**Student:** 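First, the structure itself, so that you have it in front of you.
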Amino acid sequence: MAKKLARKKSAVKKTTRSSGPGLGSPARKYVYFFGAGKADGDRTMKELLGGKGSGLAEMTNAGLPVPPGFTISTEACTLYYQQKRKVPAYVDKQMLENLAKLEKAAGAKLGDVRNPLLVSVRSGAKFSMPGMMDTILNLGLNDETVEGLKARTNNGRFAYDSYRRFIQMFGNVVLEIPKDAFEHTLEAVKEEKKAHLDTDLDEAALREVVRRYKTVVRDRARRDFPQDPLEQLRGSRDAVFRSWNNARAIEYRRIYEIPDAIGTAVNVQAMVFGNTGDKSATGVGFTRNPATGAKEFYGEFLVNAQGEDVVAGIRTPQPIAELEKVLPKAFGELRRITTRLEKHYHDVQDFEFTIQDERLYMLQTRNGKRTGYAAVIIATDLVDEKLISPKEAVLQVDPESISQLLAPVFDPNAWKALPVATKGLPASPGAASGQVVFTADHAVEWTRQGKSVILVRKETVPDDIHGMFVAQGILTATGGMTSHAAVVGRQMGKPSIVGAGKLEIAEAARTVLVDGQRIKEGDYISFDGLSGEVKIGQVATKPSEILQVIAGEMKPGASDIYKRFERLLSYADKFRRLGIRANADQPDQAETAYAFGARGIGLCRTEHMFFGEGRIPIVQRMILADNESDRRRALAELLPLQRADFYGVFKAMHGTPVTIRTIDPPLHEFLPKREDLMVEIARMEEQGKKGKVLDEKQTLLRRVEQLHEFNPMLGHRGVRLGITYPEITEMQTRAIIEAACQLAKEGTKCVPEIMIPLVGHVKELRDQKAVVDRVAAEVMTEQSCKIKYLVGTMIEIPRGAATADEIASEAEFFSFGTNDLTQLTFGFSRDDIGKFLGSYQDKKILDKDPFATIDTIGVGQLVEMGVQKGRKARPGLKLGICGEHGGDPSSIHFFEKAGLDYVSCSPYRVPVARLAAAQAALQVKVGD
Ligand code: ADP
Ligand code: MG
Ligand code: MG
């Protein structure tokens, strides 16, 4: 395949099709052929051909055994929707031309009674969406060609089995007849014939199934099953385009943030048959275990079966290792080919294959989805095996997924204390504990009520996706390691166990019987997705191995996963440009952040310290003071406490920079709620209580009423507090500089960065900076100690961004406060957006929550403006961001482009940010 790798570069040109006829022009190429060792497309063309189409093309080019076919591009899908759900005639024409080519390559003709070509019509978008869209097999069969197939293969059972499958799939997908209608019919015939499995039905029985299926079609669709193969083909093609917009596909795209506009391709491919008898089979697999990352050939197959049988959970598939015994030659070839594919794609492959009369055919390959846990193991293994470079390892792992490694595990003692109720296949690791629900809708409903649920199903179907998304874990009674529940569970990083065969679920009665024990909806169960063990009851959890190492409770060397995790992140550190800091308010948080690799604090919120034990009464006294000297007295009490906090944070950060924000929230946040006070006072009065306590409460109420604001978020907060009460800024500055002096005397140098929040006008900052500088100088003289410190500001008010040049004349650094900046730019209250964000997303006004992922166009423009104006006025101005967006991978891409110096995020997001920053540096450039 080395030869093929070299082709990669030249092929890039094909995707940048800037020249040539534009979209909608009949002269443009919409259909891409693959067959006989050569394909029009290749691996670089996922956007145009979808993942499946590009994989089929690449495998064809590599000389692998792939049945020939052609791919109708995603652009045709776009045109289909643009032209009121009609495929343009010129696309149809290209399809017929390619069909002729396919007939030649396959040596058979669509609709030819003696030698019929059968094809599959397969969906496939750029991003894989397991089971969300539709596929139709055995197309081309009708009452006549089925006889031709029988005669040619001398296998009537096979011919009629194929035909009944085709009617079933076509009926469901194209004619939109519910699946049950066919399934009930099949079950009825099986019962009549006393057949246990589908494979027990003989030709006569299958003929009967076909006859009844045709009646189902006539009754439900009010038309006859179409006999014309071209009509079948066009209908199926259009149905696949339509399936791009079925409800579950839309929901899936919403969850995974896949754009709606990209559309799906359609692959039309000559059929090969895994259902011709005992020398045939069909299966799916992975080159490594996608749940644990272990280097083992992994997958499942069924003898004498076709297509979706393996994933559908109707028959229980066999583990792939068994294939070596059943069909050794094909197994050997499958191992050779998939090992080659892994080398070729530099990644784990998820493949689909069919064996027809001992001959192996590859039907699909793609980079395998995996859990975050497996991703880290696989990436480090592949580096060790010299299959990929550290850079590729960094690019291979989804940053978001590694947060799964921090998820809690069961407390081993609590876990051991319960007996194992049953065991299933460990499809996706993790500890799950919660209340049993039996439907996806209940999972959503109960989660909304604040409950933790485990979704228990016989098997999951793509329509369950919303329930799977919210559940703590997924448990199914049937299905294998590649069933829908397993695939989706792994992808979501959700603990999942499948095929726990001892579960007898009575969905209607909302109970499940486990080995004689009855569990009702709402009862607690727990399971371990790594071992497959299920227990009845709730089990306490404890921190994961990585968190134990971070907390110093476990030696780094004792944890394999920690060592790999840290190795991957240290690769990332080599490639990233952005510094990573953490938002941490207290010494213990700072220690965690440092242990995770943060080198600096980007935001230390001093007000959180005010909530510390025994402090709130002092803070309240400060707020209640109606004169400066009382206020100073209360502040003097707070001083040693704040100093100790700062000392602790500085020390935990080992001399790396620490940005401390002066007091920010409106003062009433530190006082009791008005309504609560009123109730309390009324009660005391009613009970006839008098005296000091009541008087104090009444004073407090008066002050609370005084402090009441109509728009606290736009009220007396941030820099405005320091301007009215400079003694607060004085106290905080003193605490910071005294702490730094103390540490300096002990031999640790630290550079405090004092940050004034909510500045919109340079004069606000000038006012506060004067206070800071004056007090800092005083303290340094008192302590005979020189400390280097910086004074800067948050840029979080649009006016601050607009006048960043003026502000930079005073500020030595900026930190973009993207939470407030988003709030003030959109005019959306962060605390109220939940009320309307859903409608905005449904109506596609907004794709994403702008508080989670930065709005690059609007809010981002203000950031860019702040960067440019700020740096122009003060070259070398330090620039960071400390909003929630600092830990969000796609926002980090934006901050890389904007040229910030660092991002700051919560301590637990630091690993994600390290990896995302490295990917950003490798994928985009500053100034892009
Ligand atoms: P999905 O995207 O849901 O996996 P596919 O298009 O891959 O759908 O089709 C599902 C299954 O159908 C494949 O794994 C394969 O077993 C079977 N299949 C599809 N096309 C063919 C074909 N040309 N010959 C034989 N089996 C096929
Ligand atoms: Mg597939
Ligand atoms: Mg703010």
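Counting starts at 1 for both ligands and their atoms, in listed order. Values in this document were obtained by computation on a predicted structure and should not be read as measured data.
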**Student:** Where is the nearest protein heavy atom to atom 16 (O) of ligand 1: which residue, which atom, and how far?
**Tutor:**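 Going by distance alone, atom 16 (O) of ligand 1 is nearest to Gly307 CA, 3.3 Å.
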**Student:** Do the rings of Phe225 and Phe170 sit parallel, tilted or perpendicular, given the 30° and 60° boundaries?
**Tutor:**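 Judged by the thresholds at 30° and 60°, the geometry between Phe225 and Phe170 is perpendicular.
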**Student:** Nearest to atom 18 (N) of ligand 1, what protein heavy atom do you find, and at what distance?
**Tutor:**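 I find the closest protein heavy atom is Leu137 CD2, 3.4 Å.
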**Student:** Hey, is ligand 1 close enough to Leu363 that some N/O pair sits below 3.5 Å?
**Tutor:**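 No; every N/O pair is 3.5 Å or more apart.
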**Student:** Using a cut-off of 6.0 Å, state whether more than 12 heavy atoms not belonging to Asn154 lie near its atom CG.
**Tutor:**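 Counting other residues, nucleotides and ligands, CG of Asn154 stays at 12 neighbours or fewer.
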**Student:** With backbone taken as N, CA, C and O and side chain as the heavy atoms from C-beta onward, which portion of Met271 lies under 4.0 Å from ligand 1: side chain, backbone, both, or neither?
**Tutor:**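 Under 4.0 Å from ligand 1, Met271 contributes backbone and side-chain atoms.
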**Student:** Check Pro67 against ligand 1 and report side chain, backbone, both or neither, counting heavy atoms closer than 4.0 Å.
**Tutor:**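 Contact part for Pro67 vs ligand 1: neither.
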**Student:** Which heavy atom of the protein is the closest neighbour of atom 8 (O) of ligand 1, given with residue, atom name and distance?
**Tutor:**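 The closest one turns out to be Thr135 OG1, 3.2 Å.
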**Student:** Identify the closest protein heavy atom to atom 2 (O) of ligand 1: which residue and atom is it, and at what distance?
**Tutor:**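 That would be Lys52 NZ, 2.8 Å.
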**Student:** Does Asp278, at its CG atom, have more than 12 non-hydrogen atoms belonging to other residues, nucleotides or ligands within less than 6.0 Å?
**Tutor:**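 No, not enclosed.
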**Student:** Check for me whether the distance between the ring centres of Tyr213 and Phe182 falls short of 6.0 Å.
**Tutor:**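 Yes: the rings meet the under 6.0 Å criterion.
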**Student:** I'd like to know if Arg366 pairs up with Asp347 as an ion pair, taking the criterion as any Lys NZ or Arg NE/NH1/NH2 lying under 4.0 Å from an Asp or Glu carboxylate oxygen.
**Tutor:**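 Judged by the 4.0 Å cut-off on N to carboxylate O distance, Arg366 and Asp347 do not form a salt bridge.
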**Student:** Among Asn138, Thr282, Thr354, Asp161, find the one that has a side-chain hydrogen bond (donor to acceptor under 3.5 Å, both in side chains) with Gln306.
**Tutor:**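 Answer to the side-chain hydrogen bond (donor to acceptor under 3.5 Å, both in side chains) test with Gln306 among Asn138, Thr282, Thr354, Asp161: Asn138.
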**Student:** Give the residue, atom name and distance (to 0.1 Å) of the protein heavy atom nearest atom 20 (N) of ligand 1.
**Tutor:**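 Answer for atom 20 (N) of ligand 1: Ser120 OG, 2.9 Å.
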**Student:** Show me which atoms of ligand 1 lie under 4.0 Å from any heavy atom of Gln269.
**Tutor:**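 Those atoms are 23 (N).
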**Student:** With the Mg ion (ligand 2) at the apex, how many degrees lie between OE1 of Gln364 and OE2 of Glu352, rounded to 10 degrees?
**Tutor:**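 Vertex the Mg ion (ligand 2), arms to OE1 of Gln364 and OE2 of Glu352: 90°.
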**Student:** Within the 3.5 Å criterion, strictly below it, is a donor on Arg253 or Asn245 matched to an acceptor on the partner's side chain?
**Tutor:**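 Checked: Arg253/Asn245 side chains pair up, N/O donor to acceptor below 3.5 Å.
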**Student:** Under 4.0 Å from a heavy atom of Thr282: which atoms of ligand 1 are those, numbered in the order shown and with their elements?
**Tutor:**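 It comes down to these atoms of ligand 1: 16 (O).
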**Student:** Can you tell me the protein heavy atom closest to atom 13 (C) of ligand 1 and the distance?
**Tutor:**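 Checking every protein heavy atom, the shortest distance to atom 13 (C) of ligand 1 gives Glu352 OE1, 3.3 Å.
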**Student:** Indicate yes or no: does an N/O atom of Ser123 lie under 3.5 Å from an N/O atom of ligand 1?
**Tutor:**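 Such a contact does not occur with ligand 1.
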**Student:** When you look at Lys126 and Glu47, which way does the salt bridge (charged side-chain N to carboxylate O under 4.0 Å, His left out) test go after all the steps?
**Tutor:** CA-CA 5 Å; Lys126 177 179 177 192; Glu47 232 146 277; 3.0 Å; yes
**Student:** At what distance is the nearest protein heavy atom to atom 3 (O) of ligand 1, and which residue and atom is it?
**Tutor:**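 I find the closest protein heavy atom is Glu308 OE2, 3.8 Å.
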**Student:** Heavy atom under 4.0 Å from ligand 1: found in Gln306's side chain, backbone, both, or neither?
**Tutor:**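 None of Gln306 does.
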